[in-house]
Each structure stands twice: as structure tokens, then as C-alpha cells.
Amino acid sequence: MTADATPRSDFIRDKIEKDNASGKFGGRVATRFPPEPNGYLHIGHAKSICLNFGIARDFGGVCHLRMDDTNPTTEDVEYVDAIVRDVKWLGFDWGEHQYFASDYYPYLYDGAVRLIEKGLAYVCDLTLDEVRKTRGTIKEAGTPSPYRSRSVAESLDLLARMKKGEFAEGSHTLRAKIDMASPNLKMRDPLMYRIKHAHHYRTGDTWHIYPIYDWAHCLSDAKERITHSICTLEFENNRELYDWYLNAVDAPWKPGQTEFARLNLSYTVMSKRKLLELVESKLVSGWDDPRMPTLAGFRRRGFTPASIRSFCDKIGVARADNTVDVALLEYAIREDLNTTAPRVMAVLKPVKVVIDNYPADQSEEFEAPYLPDDPTKLGARKVPFCRELYIERDDFMEVPAKKFHRLAPGAEVRLRWAYLITCRSVVKDAAGEITEIHCSYDPATRGGNTPDGRKVKGTIHWVSARHAFNAEVRLYDRLFKDEKPGDAPEGTPLAALLNPRALEVVKDAKLEPSLVAAAAGQNIQFERLGYFFVDPVDSKPGKPVFNRTVPLKDAWARIVKAEGAAAPAG
RNA sequence: UGGGGCGUCGCCAAGUCUGGUAAGGCACCGGAUUUUGGUUCCGGCAUUCCCAGGUUCGAAUCCUGGCGCCCCAGCCA
């Protein structure tokens with residue numbers, strides 16, 4: 001177990017403390033994170049991972065990583081590899097405790113035989129449709145299967161032959177004999193095994209029957225001597241079955257199930273089905289598309305493991321349905337990167353500035369700290385300067401709006417780390433578009449200092465035109481238009497819900513030269529713009545590609561919005 | 001014949017068992033500092049806890065009755 005040993009509490013930890021106090025599990029604490037390898041892990045899983053591994057850490061227990069692989073038709077090694085990679089990346093370690101439900105198939109089969117022998121399970125020949133019809137409804141009891149009273153010997157024989165593959169899919173199932181009139185539908189003779197003549201990614205073709213979740217899960221927990229089996233709210237009705245199976249097989253170790261509310265995040269979806277659909281329909285570039293709420297997506301977007309752990313701490317654990325504001329996640333990553341990410345300069349939407357009183361053949365360098373708030377921490381780099389520069393188009397307004405204190409005709413601003421400049425005139429093309437902003441600089445303000453003590457309201461970033469290099473920068477935004485895309489009517493195509501501006505590619509941003517050496521996988525801040533990440537997939541040595549992790553908070557944007565103030569000129 | 005859960009500030013969430021007079025975070029709104037309109041700092045932000053009755057000196061907490069939302073009828077997990 002690793003990471004952030006901040007003590008915290010929630011209803012599950014409280015329960016564990018009580019269990020420990022009463023000696024319920026002999027003081028043992030063993031949890032497990034049990035993903036099914038049929039998709040990539042998302043931020044909702046991170047909540048569960050932090051909970052399960054965090055509890056093990058806090059109570060000096062263990063947390064197992066178990067692949068809950070009971071359905072051969074949807075599972076794949078690609079997914080188990082991705083899961084292992086992602087949990088490790090998040091910062092957790094399960095030691096030797098990596099398990100597979102598929103390794104328990106023989107043990108599960110033995111348990112099934114025992115239930116039949118005890119008269120607690122039977123092989124049923126009803127078709128899928130017949131099972132559905134006889135299950136009854138929410139308000140009406142179901143009716144017993146005609147095969148319910150089949151002899152033990154016959155069920156035993158049939159199960160053995162099902163296992164050998166003698167029957168067609170759907171022709172037989174193994175069912176627990178519980179109560180067809182139970183108000184809890186999960187207890188109406190639930191299925192334990194179904195026939196599937198499918199190749200399993202781990203057990204190959206050795207099995208023709210595969211266990212249903214409820215049967216496999218509780219026995220897997222028991223086998224691993226889990227104490228607290230933590231899952232999400234939708235399994236609440238399954239808890240009665242969980243306990244029933246454990247009693248039915250006389251399990252020597254009986255874990256207890258506890259449910260908590262799964263995480264929903266605004267402006268995205270968490271359903272594995274929908275995420276798979278996004279990937280398969282190519283609406284995104286893959287599971288690791290930086291717009292995806294998958295851990296792989298967040299990683300490639302530039303989120304750090306610490307920021308996601310911090311986020312999971314902040315959201316808490318409770319039993320009420322919830323949708324957490326993405327703003328909290330954005331806060332968590334800014335909080336982390338603020339003290340660690342080197343500051344550099346890049347101009348995304350450039351407009352040229354010409355310093356008329358600066359000699360054309362001259363140039364000089366300024367020393368600029370990577371972390372101005374803590375200058376010794378990351379050192380500094382040299383930033384070249386010359387007569388022609390690029391600045392952000394948004395940092396100039398020919399007719400400045402109220403409270404706009406950036407560059408405008410006659411106005412003076414500071415070029416970060418360089419000089420104070422004053423705008424003297426602009427040059428426009430035939431279409432009226434500004435092509436050059438002519439300025440003068442004050443040689444006495446070298447380094448951006450004002451020896452005479454005069455105040456300048458604005459400091460803007462810039463890049464030397466002669467020394468800049470071009471790079472691709474990808475500006476990411478929220479994937480969906482609506483705060484709760486999951487609330488869209490059933491059947492709404494995902495494509496119709498996507499935010500068309502979730503990705504804007506800037507092909508030729510102007511970057512300061514130090515960035516040519518930016519290493520893949522590095523987090524940086526483009527000053528005044530946001531935090532960016534050197535894309536580990538598409539970057540080449542000397543040719544980095546940048547992904548915007550999250551923009552900086554923008555007080556000016558809020559003023560513009562509040563005052564209905566001018567759209568940026570230029 | 002229905003069962004299981006949940007409702008505390010715009011979003012999360014303590015507090016509910018063991019009544020004592022609404023933590024904290026995000027967001028938002030000020031104001032100070034600032035060579036990032038960033039950061040940091042300081043201040044504001046629920047007379048009220050889904051609603052209505054009741055018990056009590058006192059109720060978010062206890063009782064009664066409503067209302068709203070979520071989950072369960074996959075041979076998915």
C-alpha cells in the first residue's frame with residue numbers, strides 16, 4: 001500500500017472499526033478491488049481503488065487485485081494488462097495478491113456439486129424466455145420451474161455433462177433452489193451457471209459452463225478470506241444472495257458486503273458500455289484519448305496520480321447518489337501542478353509585435369526562473385529576445401474594453417522577464433486584420449523591472465519571432481455538452497451529445513526555444529494559459545506535441561462574461 | 001406481492017445510532033498581496049436540514065403521515 005497517509009473517515013471505515021472492536025473478523029482487514037477485464041478503468045474505479053487500497057493501508061490490512069473474469073465472451077488480456085498498468089500508475093501495490101476468478105472455476109464447480117447434493121440447486125431445462133416468464137414480476141410471485149424437483153442424481157449427471165460440453169448453449173442452466181415468491185427478485189432461484197461454448201482468454205476451451213457473478217463473487221471473496229467486500233449501491237439487492245450462497249456452501253470464512261454510491265462526474269459518462277461505444281465508433285481516438293474519463297485518458301491528458309488520489313479524498317464516500325462537479329477534479333490537478341510544473345512561455349494565437357526602437361540585428365537573453373514562486377526549486381532557463389516578437393492576439397485590443405489592462409494603442413505593458421513596451425501603431429491588411437503591432441521599449445526596464453517605481457497593470461507572455469519554433473498544441477475541453485449526459489433520453493446517439501469543441505488543435509503555436517527539449521510525459525505550465533503535458537504517444541525527439549491538461553483560472557474571462565465586455569479585438 | 005436504498009447551501013459532504021441549538025472542501029462574491037487577471041492571504045456564503053404534523057425546555061437528529069429520486073424482472077458484472 002502506498003500514498004497519502006492522511007487519516008480520514010467515512011461510514012465504511014467506521015464500520016470496520018466497530019468490526020475490529022468486536023473482533024468480528026479477528027481483527028483482520030482484507031479488501032479487494034475486483035474489476036472485470038472487459039474495458040478500461042475510469043475515474044469511478046479510481047474512487048473504489050482508493051477506498052479499498054486506502055482502507056487496507058489505514059488498517060494495516062491487505063487489498064487484493066482480482067480479475068472478476070466469469071464471462072469469456074467480453075473479456076480479454078488487453079484489458080487485464082491495462083487494469084494492472086492503471087492501478088499501479090495510481091500508486092497502489094497489491095504485492096503477491098493478484099488473483100483471477102477464472103482460477104477458481106474448479107473450486108466453484110465443486111461448490112455447485114455440493115449444493116446439488118444438499119438439495120439446494122438443480123439443473124433447469126427452461127429456455128431463457130421461459131425463465132424470464134416464470135420469474136414473475138415486481139408485484140407477482142414467480143412460478144417454480146418444472147425441473148425444480150428433479151432428482152439429485154439427475155442434476156449431478158446433467159451438470160457433469162453440461163461441463164463436458166454435451167449440450168447446446170441455452171438448453172440447461174444450474175439454478176439455486178431458493179424461493180420463487182421472494183420479494184427480492186434476486187432470490188427467485190437465481191442462475192449459477194450457464195452454458196457457453198466460448199474460448200476463455202485464460203482457461204481456453206476447458207470449460208463449457210461459466211459461473212454467474214453472484215455465485216462466483218461471494219465464493220471468491222470467501223476463498224481469499226476477504227473481510228469487507230465493498231461494492232456499489234446497485235448490488236444492494238444481491239447482498240441477500242451473497243449471504244445465502246455462503247451459508248449454503250458452509251463457507252468457513254464469511255465476508256460481509258458493504259455498498260457505497262458510485263461516482264458520477266459532470267460533463268462525462270461513466271458507463272462502460274458507453275465508453276466502449278465511444279471507442280468502437282471512433283468518436284474518440286481510443287481508450288486513452290485525453291478527453292476520456294478513463295485513467296489512461298487522464299494520464300495522457302496530464303493528470304498526475306496524486307491529483308486523482310487527492311480528488312478521491314475530497315469527494316468522500318457515502319450512500320447518496322451524486323454527481324461531482326468536474327471543477328473539483330480540475331482544482332485537484334491545478335493544486336498539484338501549481339507547485340511542481342515549470343513555467344514557460346508559448347503563444348497559441350500569435351500576432352506580431354515589432355519593437356521599432358530595438359535594433360534589427362540585435363538580440364539578447366533573459367534569465368527566467370522555472371518556478372517564480374520558488375526560484376531555487378527548479379532553476380532557470382535563458383529566453384532570447386529580439387526586435388520582432390509574437391504575443392497572444394487576445395492580449396491586444398485596438399479599442400480596449402473597460403478593465404482591460406493589456407496592450408492597446410498608447411498603453412504600456414510588461415513583457416514578462418523582458419522590457420516594458422508601449423504600443424505606438426498598428427498595421428492592418430486589406431481585410432482590416434491586424435498584422436503588426438508597432439511598439440517602443442524602455443531600455444531602463446530590462447528584466448521587466450521599473451527602476452522609477454512606476455506601475456504597469458499588465459504583464460503578458462511573448463516569444464521571440466526569430467527564435468521561436470512551431471509545435472502542435474491540443475486544447476482539450478469537456479467531452480459532453482450537458483452537465484449530465486447520462487440523463488439524455490434512452491437511445492440518444494452519443495455523437496449528438498458530444499461537445500464539438502472538446503478538442504481544438506493548434507497546429508503551429510509559437511514556443512520559446514527551451515521547449516524543443518521537452519521530454520515526453522512532462523507536465524509544464526504555459527504561463528497565463530494553463531497546464532500542458534508533453535504527449536507521450538505523438539511527440540518525437542525535438543518535436544514535442546502538447547496536450548492541455550487544464551486551463552488556468554481566468555479572472556479576465558469572468559469579467560468579460562459579467563460585463564458583457566468586448567470580444568477581443570484583432 | 002412488491003422489495004431494497006437515498007433526500008443537509010449551486011456541487012460533494014460531516015452531523016442522525018448516543019436530541020443541546022448546522023463541520024469542511026469545490027464553486028461563487030468581495031478585499032489585500034502579486035513581474036502569470038495564476039498562486040497566496042483575509043472576509044462573505046443554510047436562523048435552516050424534502051414536506052406536514054407530533055413528542056420534548058430543546059428536533060437535521062425521536063415518532064406518525066406524506067412527497068421526491070435511485071436500484072432490482074441479463075443465461076452482464
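Everything numeric in this text was worked out from a predicted model, so none of it was measured. Note on naming: letters A, B, ... go to the chains in the order of the sequence lines (proteins, then strands), and numbering restarts at 1 for each one.
For Tyr193(A) and C75(B), the OH to P distance is 16 Å, given to the nearest whole Å. Atom CG in Leu371(A) sits about 12 Å away from atom C1' in G38(B), given to the nearest Å. Protein atom CG of Asn238(A) is 15 Å distant from nucleotide atom P of G4(B), rounded to whole Å. Taking atom CE of Met162(A) as the reference point, atom P of C75(B) lies 13 Å away to the nearest angstrom. Distance Leu128(A) CG to C75(B) C1': 5 Å, rounded to the nearest Å. Following rounding to the nearest Å, Asp69(A) (CG) and C76(B) (P) show an atom-to-atom distance of 15 Å. Atom P of nucleotide C26(B) and atom CD of Glu330(A) are separated by 14 Å, given to the nearest angstrom.
Along RNA chain B, the nucleotide closest to Pro211(A) and the one closest to Arg319(A) are compared, and the more 5′ of them pairs with Arg319(A). Mapped onto RNA chain B by nearest heavy atom, Val324(A) and Gly142(A) fall at different nucleotides, with Gly142(A) at the one closer to the 5' end.
Judged by centroid separation below 5.5 Å and plane tilt below 30°, Trp556(A) stacks onto the base of G37(B).
Using a 3.5 Å distance cut-off with no hydrogens or angles, the side chains of Ser182(A) and Arg188(A) do not pair a donor with an acceptor. With no hydrogens or angles considered, a side-chain donor-acceptor pair links Asn184(A) and Glu240(A) at under 3.5 Å.
The residue Glu240(A) sits apart from the nucleic acid: no heavy atom pair falls under 4.0 Å. Here Asn449(A) lies in heavy-atom contact (under 4.0 Å) with a base. Nucleic acid contact class of Leu265(A) (heavy atoms, under 4.0 Å, all strands): none. Residue His405(A) is in base contact, counting any heavy-atom pair closer than 4.0 Å across all strands shown. As judged by a 4.0 angstrom heavy-atom cut-off over every strand, Thr127(A) is placed among the base-contacting residues. At a threshold of 4.0 angstrom between heavy atoms, the contacts of Ala318(A) are confined to the sugar-phosphate backbone, with no base atom among them.
Within the 4.0 Å cut-off from OP1 or OP2 of C75(B), at least one side-chain nitrogen or oxygen of Arg135(A) is found. Between C76(B) and Lys196(A), a contact under 4.0 Å exists linking OP1 or OP2 to a side-chain N or O. The side chain of Thr74(A) contributes no N or O atom lying less than 4.0 Å from OP1 or OP2 of A77(B). Look at Arg194(A) and you'll find a side-chain N or O under 4.0 angstrom from OP1 or OP2 of A77(B). Here Tyr331(A) reaches the OP1 or OP2 of C26(B): one of its side-chain N or O atoms lies under 4.0 Å away. Checking the phosphate oxygens (OP1, OP2) of G38(B), no side-chain nitrogen or oxygen of Arg334(A) falls inside 4.0 Å. Taking 4.0 angstrom as the limit, Arg132(A) places a side-chain polar atom (N or O) nearer than this to OP1 or OP2 of G74(B).
Of the P atoms belonging to G58(B) and C67(B), the separation is 29 Å, rounded to the nearest Å. Spacing between G54(B) and U47(B) at atom C1', rounded to whole Å, works out to 22 Å. Annotation: C28(B) and G7(B) have their C1' atoms spaced 24 Å apart (nearest Å). Here the separation of A23(B) from C12(B), taken at their C1' atoms, is 14 Å to the nearest Å. Across C69(B) and G24(B), the matching C1' atoms stand 26 Å from one another, rounded to whole Å. Going from the C1' atom of C72(B) to that of G30(B) covers 50 Å, rounded to whole Å. C11(B) and A73(B): their P atoms are spaced 29 Å apart (whole Å). Rounded to the nearest Å, the gap between the P atom of A22(B) and that of C50(B) is 16 Å.
Under the 6.0 Å cut-off for aromatic ring centres, Tyr441(A) and Tyr419(A) qualify, their centroids lying closer than that.
Between the base of G37(B) and the side chain of Arg406(A) there is a donor-acceptor pair shorter than 3.5 Å. The base of G2(B) does not come close enough to the side chain of Asn184(A) for any donor and acceptor atom to sit less than 3.5 Å apart.
Heavy-atom minimum distance, Lys272(A) versus Gly39(A): NZ-N, 4.4 Å.
Of all nucleotides present, only G68(B) satisfies the Watson-Crick or G-U wobble test against C6(B), with each distance under 3.5 Å.
Considering Glu364(A), Glu365(A), Glu367(A), Glu512(A) as possible partners of Lys382(A), the one that fulfils the salt bridge (Lys or Arg N to Asp or Glu O under 4.0 Å) test is Glu367(A).
Geometric assessment of Arg406(A) against the ring of Phe396(A) yields a negative cation-pi assignment under the 6.0 Å and 45° thresholds.
Ring geometry for Tyr105(A) versus Trp207(A): interplanar angle over 60°, hence perpendicular rather than tilted (30 to 60°).
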